[in-house]
Structures are given as structure tokens and as C-alpha cells.
There are 4 protein chains.
Amino acid sequence: MVEQRTSRRGRPVSEASRVAALGSAAELLDERGWAGFSVDEVARRSRVGKATIYKHWPSGFALAVQAWGERVTQAVPTLNSGDARSDLYDQVVRLAAFYRSRSGAVAVELLGAGVSAESGAELIAEHFFGARRTATLALVRDGIERGQLGGELDPQLVIDALFGPIVFRLVNGMPALTDSEAAALARLTLRALGA
Amino acid sequence: MVEQRTSRRGRPVSEASRVAALGSAAELLDERGWAGFSVDEVARRSRVGKATIYKHWPSGFALAVQAWGERVTQAVPTLNSGDARSDLYDQVVRLAAFYRSRSGAVAVELLGAGVSAESGAELIAEHFFGARRTATLALVRDGIERGQLGGELDPQLVIDALFGPIVFRLVNGMPALTDSEAAALARLTLRALGA
Amino acid sequence: MVEQRTSRRGRPVSEASRVAALGSAAELLDERGWAGFSVDEVARRSRVGKATIYKHWPSGFALAVQAWGERVTQAVPTLNSGDARSDLYDQVVRLAAFYRSRSGAVAVELLGAGVSAESGAELIAEHFFGARRTATLALVRDGIERGQLGGELDPQLVIDALFGPIVFRLVNGMPALTDSEAAALARLTLRALGA
Amino acid sequence: MVEQRTSRRGRPVSEASRVAALGSAAELLDERGWAGFSVDEVARRSRVGKATIYKHWPSGFALAVQAWGERVTQAVPTLNSGDARSDLYDQVVRLAAFYRSRSGAVAVELLGAGVSAESGAELIAEHFFGARRTATLALVRDGIERGQLGGELDPQLVIDALFGPIVFRLVNGMPALTDSEAAALARLTLRALGA
DNA sequence: GCCTAAGCGAGACGGTACGTCTCGTCTTATC
DNA sequence: GATAAGACGAGACGTACCGTCTCGCTTAGGC
């Protein structure tokens, strides 16, 4: 077995600095959004040197995405109760609620920036959707296997069909979906996916 | 009838400058996207003074959105042939093709930035979705009236259900929808909306 | 006799505009000095078009010099009482008082700018020193003729010797000459010029 | 003894940048004078960032004065040979020669601007006249002590009397003093100051 | 208990964009 | 035909942020 050589000579990398930068980055995104975000300001607030920040993250965008990722992923817990239809319905309603919040608006800003940022797609996928999309994919597949959902549509597309409308609303510059609107959309799509 | 008072004192605003700025802005967005956009560079390329640009548009974002709006709205013509189901199906497939293009990626960047920009929602609504959303809304309403579509869902939500998944894919950092995937999604949603 | 044909077709040149621009220019120089002077602001205050201003004066500097020239030349009246020594002594003391004032500070700003401005020397000579220097020159020559002053020094240099120290003080960043200091200097130089 | 605390936290200020900016500023003043001077152009030529320039100097004027100060102070060396009369005479002739040069014209521009600039008087006094005026003052006082000069006039006024006419000529928009004119003026004033 | 190496904060660096201002010119409708 | 109003291209203003760099200080393992 390969021995993991964790300690080297010299002062070790400071976990405290990493955490402090993430915390200040999240705080700054909360206050000013991505448009008002700057690495200088994160360094100022966290008392972490800019060079140290650039050692941990390749860009301010990468830092912001990771800092915000915690909020995005914690906002809506993944679930798999055995009833795929009801689990998916719950997820849609909960995610709609998230995107109605301040946090959701900042998340959408970052989603847009991710399209052009260096490694933006990977960063967004990893910190915003990665674990969730995988879990929801399993949920859909389980549902199809159990006969709760029809299997004619690619499970990836099922996810897009369920959650896409929520984000679309926001980037259209329209009011976010209410709970009842989100519920109506979820019922529509789930009905179409009926076994 | 309201008399159109077109002339005022002083030298009139130069239409040529306005058009030149829009052209250079579109060119710049094409080359570098919104992340690489700057008012200085637009001024440089178009040989239009910065002060003139700021007289026409309150911010670089407003200029970029208007410049790009022409591409977005011209990419997919609105239609109303009398057959709502087939018209909506066509729109979905065409729009998916647009968002697969370079132009679509830049459009998504701007959509994200619009969330936080000053008057971002209004600008996006006016230049990106305004006319199209209104036309598509009429299409849906006509379809319901003619009995081609079921009327249980708010027409606005119908639009979100149809077009939302396309944009969602992109901001998830995943490959854009292929024609056949877009078609499958359109069929799913239209089936659920069956009379 | 040749009839002077002063009127031509079209609207005559407005003397009122010229005077208004001069007035606003002087007011602006009073408030902000040459450093804070701008043709735009003169046009704004005087409600005279910028093009009209540039028709009357080739540059903002020319306008400023003419506007301020009235203050400079009116501040110290020329005199020739027959007693050259006492007349020159009076002039020195009066001019020192002028350069102690706000008006004097602005005048020195313009003197400095005149060194490099287009036609600066001519403008300064004409509006600031022209008539005065000619008159004082006559005073000196009369004094020499009458035997009140020695004639070994070029009259032009006499003027420089008498009035130079006053301005020099100001551009050295030192407090302006008091009346008694100016008097002491005048007496020194006049003594040296004794017949 | 006071301990010299030379090192501080953070990257030290770059002496090379400071020197490069001064050099480019002097070059620019030489070419275009104060009227054609701009911080942007200095930054461009010296490849020093504008922020760095504004860290070293509070304004473009402060930079220009310091950059030109070296030329002004090196143009005429101070001296004190023991013979005050001959030393002062030499100084007047040499200074007249300096003000006849291109460098002298730029210096006069800066003198005028210093009247209104923020801290203009202090900057001019420090970089243009400071050391020289102090040295010349000592020269005059030594001369009075040794009986070479009469002591009835304030030594500060002696300096104004000797050097004022030189600058006055220039700001009058007249040709600068020739060597022989300067010499005549110096003789006149020194005669008046005779013991 | 020193020595050496690496990470640390602080902050200066060159570069570039911001949005505003002024310059001197121009193009209208009005007088 | 001269005017005021005001838009125009050009480019400087002083500030902010980018990502890199250079300091002195700190913290570890190796000797």
C-alpha cells in the first residue's frame, strides 16, 4: 500500500485560513451578490492574504462557488423514501422556495457566470448540482424500476423537466414561482411521467 | 391624436453612433462573452465616445443586453400557424438549437448577470423575452381556446414548463440538449397538456 | 466720405453674448481660479453657446485673460503727476496690495499658464500689462528727462526691477509683500536710480 | 539615539518605480510642458501603474514639481566664496540663463500652477526654492556681517529684489533677460545695497 | 536547541476598467 | 446668418480590482 505522505518540511497549510476565506466569501456574497464580490474584499474581511487565497482557489469565481455551494446543497436535503413521485414533488417545491430566497438569487448569478468562467462548468457541477443531481438520478431510476415512473424518458431529462422551470422563471426577470405554482408544475410533469 | 414631437433644440442624437456602439458591443460579446465585455473596448472599436455611450445606455449591461437582444429575438421567429401543439414543439426544438450555439452561451451569461444588475429584470424581459413571451402566451391561449391544449395550467407556467429545461441544462454545466432530447422533452410536456 | 457699412444680412453678432461670457468667466475665475475654470461652465452660467464663445475667443485661456484683464488693469490706475519718483513709489505699493488679494492670486495663475498657452505671451501682454507697461515706461522716460531718475538703466529694466519682486514673492509660495515691505523695496530701487 | 525603523510589513515600496515615474514625468514636461502633462501619460511611458503613482504623490502636480525640481536646483549651484557681492551677482546671471532655457519656461508654468494647487506653495517652496533660498539667505546675512552689504533691508527682501525681475520678465510675455541685462540689474540692486 | 524550509499576513506592483468631466467641433431649430 | 442648446470623439481624471510579487514573521521537521 502506498503510504500517504501528508507531512512535509516547512509550515503546513493553514486549514483555518481556508475556512476563514470561505466564511468571508459567503458573507460578502450574501451582502453584495456576485456582482459586488471581490477577492480583495474577502482578504480584507478574513485577514487572509491574497496569495493564500489564490493558492487554495484558482480564481475568485472558484472561491465564490465553493463558498456558496454549502448554502445551495444544504438548502434542500436529498431524500429517497421509497416513493419516488412524492420525493420528487417535495424536491421541486423545496427548490422553488430556495430560489425565491436571497440565496437563490445569488446562486443564479453564479450559474450565469459559470457559463464563461474558467472551468466554470466543472465548478458549478461539483459544488452546486453534483451530489444532488446524482442522488436525484438514483431516485428517478429507483422509481422507474419500481414502476412508479414510466421509463420512456432519459432520467437526466426527467430532472431537467422537473427543475428547469424554476430557474427559468428567475432568469426571465419574472417573480419566482410560488409554492402552489411549483406544485402545479410538478404535478403536470409527474403526470406525464406516469407509469 | 398625439402629435409626435420629434425635434428638440440642439444637435440631435446621432443614430449612427447608437448603431455603431450596438454593433461593436455585439461583436465584442461574440468574441469574449459578457465576462470579457467592457465599455472602454466598445468605445475603442466603434469610435464612439464613452460619454455618448453612457448617454444612450445607463450601464454597460444595458448596452450588452440590447446589442445581444437582436440576436436572441432573431434566432427563433415567433409563429402561430393555427396548430398550437406543432408550433410549440417547433419553438422548443429551435430554441434548444439556439442555446447550443455560441450566442446561446453568451445569452445565458447575460441572463445570470441580469439577476443582480440595476434594472436587470426589466432589461432582460424587454430585450430577450418580451415580445417572444407575449407571442407564445397568445399561442398557448389560442391552443386552449381551440381545444388543442388542456386549460388546467396557467399559460405562463406552460411556457416555463416547455422552455425551462433548455436553459437549466446549460447552467448545470452539462452539454446542451440535442435536437432529439429537446424533442423528447417537448413531446412529454405537450402530452401532459393534452386536451 | 466713405460710408461705413456695418450692417449685413442675417442676425447681427451679439454684443450682449460677448459681455455675458466675459462676466461669467470673471465670476468663475473668482470662485474657482484658473485651475477650476472651464468653457463649459462659462457657457452654462452665461447661457451663451460654446460655439459663440469660440467665435469670440480662440481658447478658454484667451477668454479668461480678457475677463480678468479688466480687474487687473482697473485695480491700479496709471498716473503721471509730474513727480516720477513718487508716482512709481505709489504704483509699487498699490500693485503689492493687488497681488495680496484673491484677484492677484488668480492673476498669477494666468501669468504662469500664459507661458505655454497658444499666443499666451501676446494675450498676457495685451490684457494684463500692455497699457500699464507703456504708461509706466513713459513715466520713467519723463522722469529721466526731467532729471528725477538716472538714465543709465534701460527703462524696461527699471520696470522689472520695481515690480518683479512683488510677483516673485507669490510664486515662491511665500506670504505676499506687506505695504511696508513693498515700500522698503521701492525706496531701495528708487534710491539706486537716483539721478 | 532614535532607532531608524526602516522595515515594515508587506512588500516594500519600489524605489525603481518611483524613479521611473520621476524620469518619465521630467521627460514629458520637457516635451509638452505642464499644460500637456498627464498622469496617464507618465504611467504609460514609465510602465508604472497609476495607483502606484498616486501612492507616491497626492497629485500629478506634486509629481511634476518634484520631477522638475531636480532640474531647477541643479541648474544653478549655490555658492558662498566669502565675497557676497560677487556671489550674488553670479547667481543672478546664472539664474537668468536658466530661465531663458526651455527648462525655465516649464518652471514658470509650474510656479503659476502652484498658486492654486493643493499644497502648491509648500511643494514649490520645497522642491524649487527651499534649499536655494535658505543658502542665499545665509549668503546675504554673511555679507551683512562682514560689512559687504548694508543691513537696512530684510535679507528676504534682498533676495526678492535680486531675483524677482528675472521671473517677472517671463510672465510679462517679454523676451527673457540677456546676460548683460541681468548683469545690469544685479549691479543696480547691489549698488543700492552697498554698505 | 538550533537550522532550514515552506506557508503565512500584509500590502505594493503593472494593468485595465470604471463613470464623469472638459476640450473644441458639429448640427439642429429658433430668432 | 448668428444664436442657444447640446451631442459628438477624444482622452484625462482618481479609484477599484485583478492576479502576481516581495517582504518579515511563524511554524513545523530534521539535525
Side-chain angles (χ1 to χ4, degrees), chain A residues 7-14 16-17 20 36-44 46-60, chain B residues 6-14 16-18 20 36-44 46-56 58-60, chain C residues 8-14 16-17 20 36-44 46-55 57-61, chain D residues 7-14 16-18 20 36-44 46-56 58-60:
Chain A
S7 68
R8 287 179 303 165
R9 296 232 292 166
R11 180 172 172 173
V13 169
S14 165
S17 293
F37 184 88
S38 86
V39 174
D40 273 46
E41 182 63 22
V42 171
R44 222 170 283 136
S46 62
R47 307 188 71 77
V48 169
K50 284 175 67 179
T52 302
I53 292 176
Y54 280 103
K55 190 159 294 181
H56 284 290
W57 299 274
S59 64
Chain B
T6 54
S7 67
R8 288 180 304 162
R9 296 239 275 177
R11 178 172 174 172
V13 168
S14 165
S17 294
R18 203 186 61 84
F37 184 90
S38 86
V39 174
D40 271 44
E41 183 62 21
V42 171
R44 223 171 282 136
S46 62
R47 306 190 71 79
V48 169
K50 284 174 67 179
T52 302
I53 293 177
Y54 281 103
K55 194 158 293 182
H56 282 290
S59 63
Chain C
R8 288 179 301 165
R9 291 229 295 164
R11 179 171 171 175
V13 169
S14 166
S17 294
F37 184 88
S38 88
V39 175
D40 275 45
E41 183 62 22
V42 172
R44 222 170 283 137
S46 63
R47 307 189 70 79
V48 169
K50 285 174 66 179
T52 303
I53 292 176
Y54 281 104
K55 191 160 294 181
W57 298 275
S59 64
F61 179 73
Chain D
S7 70
R8 284 182 306 161
R9 298 235 275 175
R11 178 172 173 173
V13 169
S14 164
S17 294
R18 203 185 63 85
F37 184 89
S38 86
V39 175
D40 271 43
E41 183 62 21
V42 171
R44 222 172 283 135
S46 63
R47 306 189 71 77
V48 169
K50 283 174 68 179
T52 300
I53 293 176
Y54 281 105
K55 194 157 292 180
H56 282 288
S59 64

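Just so it is clear, the structure is predicted and the values come from calculations on it, not from any experiment. Here is how names work: the chains are called A, B, and so on, in the same order as the sequence lines, proteins then strands, and each is numbered from 1.
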Task: Test side-chain hydrogen bond (donor to acceptor under 3.5 Å, both in side chains) applied to A/Ser14 - qualifying residues, sequence neighbours left out - done: A/Ser17
Task: Atom-to-atom span, CZ of A/Phe37 to C1' of F/dG19 - whole angstrom - done: 14 Å
- [ ] Output, in order, the C-alpha distance, side-chain angles, deciding distance and verdict of side chain to side chain contact (heavy atoms under 4.5 Å, CB included) for D/Lys50 and D/Asp40.
- [x] CA-CA 7 Å; D/Lys50 283 174 68 179; D/Asp40 271 43; 2.8 Å; yes
Open item on the list: Between D/Val48 and D/Val42, is the side chain to side chain contact (heavy atoms under 4.5 Å, CB included) condition met? List the steps.
Closed with: CA-CA 8 Å; D/Val48 169; D/Val42 171; over 6 Å; no
Task: For atom CD of A/Glu41 and atom P of F/dC18, their distance in whole Å - done: 10 Å
- [ ] Output all residues satisfying side-chain hydrogen bond (donor to acceptor under 3.5 Å, both in side chains) with B/Arg44, sequence neighbours left out; order by chain, then residue number.
- [x] B/Glu41
Task: Distance test, side-chain N/O of B/Arg44 to OP1/OP2 of F/dA10, below 4.0 Å - done: no
Open item on the list: Side chain of C/Tyr54 only, heavy atoms from C-beta on: which candidate in F/dC17, E/dT30, E/dT25 is closest?
Closed with: E/dT25
Taking N or O atoms only and anything under 3.5 Å, show me the protein contacts with nucleotides 12-14 of chain E, one pair per line.
unit_1, atom_1, unit_2, atom_2, d
E/dA12, OP2, D/Lys55, NZ, 3.0
E/dA12, O4', D/Arg11, O, 3.2
E/dC13, OP1, D/Ser14, N, 2.9
E/dC13, O3', D/Ser17, OG, 3.3
E/dG14, OP1, D/Ser17, OG, 2.9
E/dG14, OP2, D/Gly49, N, 2.9
E/dG14, OP2, D/Thr52, OG1, 3.0

Open item on the list: Distance check needed: E/dT16 C1' versus A/Asp40 CG, whole Å only.
Closed with: 14 Å
Open item on the list: My understanding is that only residues two or more places apart in sequence, or in another chain, count here; which of them pass side-chain hydrogen bond (donor to acceptor under 3.5 Å, both in side chains) with B/Ser46?
Closed with: none
Open item on the list: Is there a side chain to side chain contact (heavy atoms under 4.5 Å, CB included) between C/Val39 and C/Tyr54? Walk through the geometry before answering.
Closed with: CA-CA 9 Å; C/Val39 175; C/Tyr54 281 104; 3.7 Å; yes
